[in-house]
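Single-structure report; data block below.
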Amino acid sequence: MRFWSRYFIPTLKESPADAEIPSHRLLIRAGLVRKLGGGLYTYLPLGHRVMQKISRICREEMERSGAIELSMPHIHPAEFWADGPRWGPVREIMFRADSAGAGKRGQKEPDLVLGPTHEEVITPLVKAEITSYRDLPKTFFQIGTKFRNEIRPRYGLMRAREFSMMDAYSFDADDQGATRSYLAMKAAYEAFFRRVGAQAIAVEADTGVMGGSFSHEFMVPAEVGDNDLFYNEESGYAANREKARSAIVPEGLAVAAPEHAMEEFPTPGVVTIAALEAAPYGVPADRQFKTLIYIGDGRPFAVILRGCDDLEEAKLGSLGFTLLRPATPEEIEPIMGAKPGSLGAVRDTVRNLPALAGIYADHAIRLVGNGTTGANRDGFHLRHVNVARDLQITSFGDFRRICAGEPDPVGGRPLKVRRGIEVGHIFKLGTKYSERIDAGYTDDKKQRHLFVMGCYGIGISRTLQAVIEQSHDGDGIIWPWAIAPFQVLVCLLDPQDSGAALVAGRLAAAAERGGADVLVDDRNERPGVKFKDADLLGIPLRITIGGRGLREGIVEMRWRGAAETLKIAVDESEARVEAAIRERA
RNA sequence: CGGGGUGUAGCUUAGCCUGGUAGAGCGCCUGGUUUGGGACCAGGAGGUCGCAGGUUCGAAUCCUGUCGCCCCGACCA
């Protein structure tokens, strides 16, 4: 039981100017956090309590799933990262942790870095400590601080540079085992998000820089989220934008037969899809082939899409490149023979075909069949180009960005789209990390194999804010019972009245017997101030004790977010409060 | 890193265009009156106007640079 007058809950009437979204404003106004710098926050006592509760529930669910808790350093020798498979892309967001010293070593490669996650630390550990199939499988987890020099911290705890994360790593003997570990973790995640009161849904996700074979993201639907989720409730399909597929191209659709002989025609100055759509050409965008040149790990390659489609860059990851960027016009011209705007992938028109690592076509171009594309000659295009007869294609794949309304790939129902906050992510990694550092075990036939790994993360601090974003009203936060900083607020309107204070003490004790964390507002403030603060803090159950009620022999009980106030007789109030709490908890 | 914005008291801000003693509300301190939805009165403390240069008799205000922060883009838990 804590007394507000002796605790520390600095609430604010007005929002700080730099908080834009409701959850960020409420974090600050309700006295949960204060900003130290961009993406850096102090957890005040209330915020700290919520973090502790979320962490505890997370720990319980991880342990229930069989995962084993440990704790790794935050500071890592940089060589562990340099030896790992993703140093190149990841180092850009890593802080260096070298001696502040006299600034003498600033330009050198770092000796020490701050951990953004721990695959590069735990894989060598397991390599050294686990050598037999008898010790598998194992899943380890920890809950702690991560450091990422995000290019753009945002929205308070939503994307911070220092944040709290639960990270877990599974090691299995084989692929089936890894899938079992993955599914166990997925179930643990679902239980965790349910318990903390977050309405998170699992969606298929891209594996990104993490690599690996498949993955799910856990998303809290919210307008302020920066992920697009495509879904259909009836079919149960859900995926994020990077991964989402649609069934606009029927299975096994045959490419239309050629209709005419291909022919070149002049298109002076036409370098966009839109210009070719316009008079005098009048070629609809969905009858055009768009040819894009990218550089993947230093090698150029081409992607063909319908003119009306956009490339979903993340989907290029399926081609196996780790560093991707669009090619520059200077890089393109010597290879293709033309500048962007006149490119095509028609056989024999590419000037230096061997320079291309491949020509990858989106399935949807089969819907076009015969269309128009660039001639690899500035100012000329080709019409009556047939996908099968004329285009030089290495392989087909899914590269386009899908749109809401397209049929979902499971049942063909229209896909809907909404925004979401990513609060958790699970990856089936495979052997990407174990192979890199040759981490493996010996089986019962004395054969050596690589560990098949999975890795898993839950943003603890981000979950905190996502819950607020999902559960608030115009007056303040509405905490789910399980993670509320306090579950019961005893609102003592006349702290000077010893009779009222006595009742308050008894009710607070009763609430604690019921299993609640109790805060007593014993401040010398006017009732209006206390009520406003109570709503702002969002403690689930408020018990109000005031002179007016006591004269009638009653106290009041009100659930945050509920419209009605329950009046209960003082004599039965202790039993009623205790019972109400037991029922809720 | 590109684009846009912003920096004045603990918080929210006015003043800046058109240079001339830095103002308000909240919060805080003292006293009094109040006390069921952010009270009222009286008094008070608190600001080298982000920082550094420059222009000027004079700069919060104009110019240059720099730093911080916020928002939009690519990335992430």
Side-chain angles (χ1 to χ4, degrees), chain A residues 10-21 24-25 28-29 31 34-40 58 89-90 92-94 116-117 143-168 189 200 205-210 215 217-220 224-227 240 242 313-314 317 324-326 420-427 455-466 475-476 491-497 500 524-536 542 544-552 555-556 558 565:
Chain A
T11 59
L12 260 37
K13 276 192 199 176
E14 289 173 295
S15 302
D18 57 9
E20 294 252 328
I21 65 170
H24 187 193
R25 283 199 283 263
I28 293 165
R29 287 192 54 212
R34 286 293 182 266
K35 182 167 75 177
L36 177 66
L40 303 170
C58 187
V90 170
E92 290 177 37
I93 61 148
M94 289 175 72
T117 165
I143 298 173
T145 306
K146 298 283 180 271
F147 303 87
R148 295 185 190 174
N149 195 7
E150 295 288 350
I151 304 156
R152 187 152 100 79
R154 207 146 79 110
Y155 294 154
L157 304 180
M158 209 66 101
R159 191 193 299 163
R161 294 197 291 181
E162 179 180 326
F163 61 97
S164 177
M165 172 167 147
M166 186 291 300
D167 49 320
Y189 271 47
D206 183 63
T207 54
V209 71
M210 209 48 105
S215 109
E217 283 173 350
F218 284 77
M219 296 284 191
V220 169
V224 301
D226 43 18
N227 302 273
N240 72 10
E242 287 74 35
E313 269 191 43
L324 281 165
R325 63 172 175 86
I421 300 163
E422 183 187 348
V423 288
H425 204 154
I426 56 180
F427 298 88
C455 70
Y456 317 89
I458 289 176
I460 300 289
S461 42
R462 183 181 282 179
T463 297
L464 184 162
Q465 189 171 345
D475 295 318
C491 200
L492 179 54
L493 297 185
D494 303 292
Q496 315 301 351
D497 176 341
N524 276 313
E525 291 288 352
R526 295 165 57 86
V529 173
K530 296 192 173 201
F531 291 143
K532 287 291 184 187
D533 272 346
D535 290 343
L536 180 61
R542 184 179 94 196
T544 307
I545 298 152
R548 183 203 280 179
L550 288 181
R551 279 190 291 279
E552 301 169 31
V555 297
E556 293 159 24
R558 179 170 180 164
T565 301

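Below, chain A is the first sequence line, B the second, and so on; all start at residue 1. If you're wondering where the values come from, they're calculated on a predicted model, not measured in any experiment.
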Return the value, rounded to whole Å, for the distance between atom [atom1] of [X] and atom [atom2] of [N].
X	N	atom1	atom2	value
A:Lys35	B:rC70	NZ	P	4 Å
A:Arg154	B:rG4	CZ	P	19 Å
A:Gln496	B:rU34	CD	C1'	14 Å
A:Asn524	B:rU35	CG	C1'	11 Å
A:Arg159	B:rA77	CZ	P	11 Å

Problem - Nucleotide forming a Watson-Crick or wobble pair with B:rG47, both distances under 3.5 Å - result: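 Pairing partner: none.
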
Is any N or O donor-acceptor pair between the side chain of [X] and the base of [N] shorter than 3.5 Å?
X	N	answer
A:Arg29	B:rG38	yes
A:Arg161	B:rC76	no
A:Arg152	B:rC71	no
A:Arg542	B:rG37	yes

To the side chain of [X], which of [options] is closest?
X	options	value
A:Pro527	B:rG73, B:rA77, B:rG36	B:rG36
A:Asp226	B:rG37, B:rC76, B:rA77	B:rC76
A:Pro16	B:rC72, B:rU12, B:rG36	B:rU12
A:Val529	B:rA39, B:rC72, B:rA77	B:rA39
A:Asn227	B:rG36, B:rC76, B:rC69	B:rC76
A:Glu14	B:rG25, B:rC69, B:rC76	B:rG25

Practice task
Mind checking A:Ala160 for me? I need base, sugar-phosphate or nothing, with any heavy atom below 4.0 Å counting as a touch.
Solution key: base

So, is [X] close to the [N] phosphate, meaning a side-chain N or O under 4.0 Å from OP1 or OP2?
X	N	answer
A:Lys13	B:rG27	yes
A:Tyr155	B:rC72	yes
A:Arg526	B:rA39	yes

May I ask you to test the [X]-[Y] pair for a side-chain heavy-atom distance under 4.5 Å?
X	Y	value
A:Val555	A:Leu550	yes
A:Arg159	A:Arg462	yes
A:Thr544	A:Phe531	yes
A:Arg154	A:Asp226	yes

Practice task
Could you tell me whether the side-chain ring of A:Phe163 sits stacked on the base of B:rA77, using a centroid cut-off under 5.5 Å and a plane angle under 30°?
Solution key: yes

Exercise for the section: Assess the side chains of A:Asn227 and A:Glu242: does a donor N or O sit below 3.5 Å from an acceptor N or O? Expected result: no

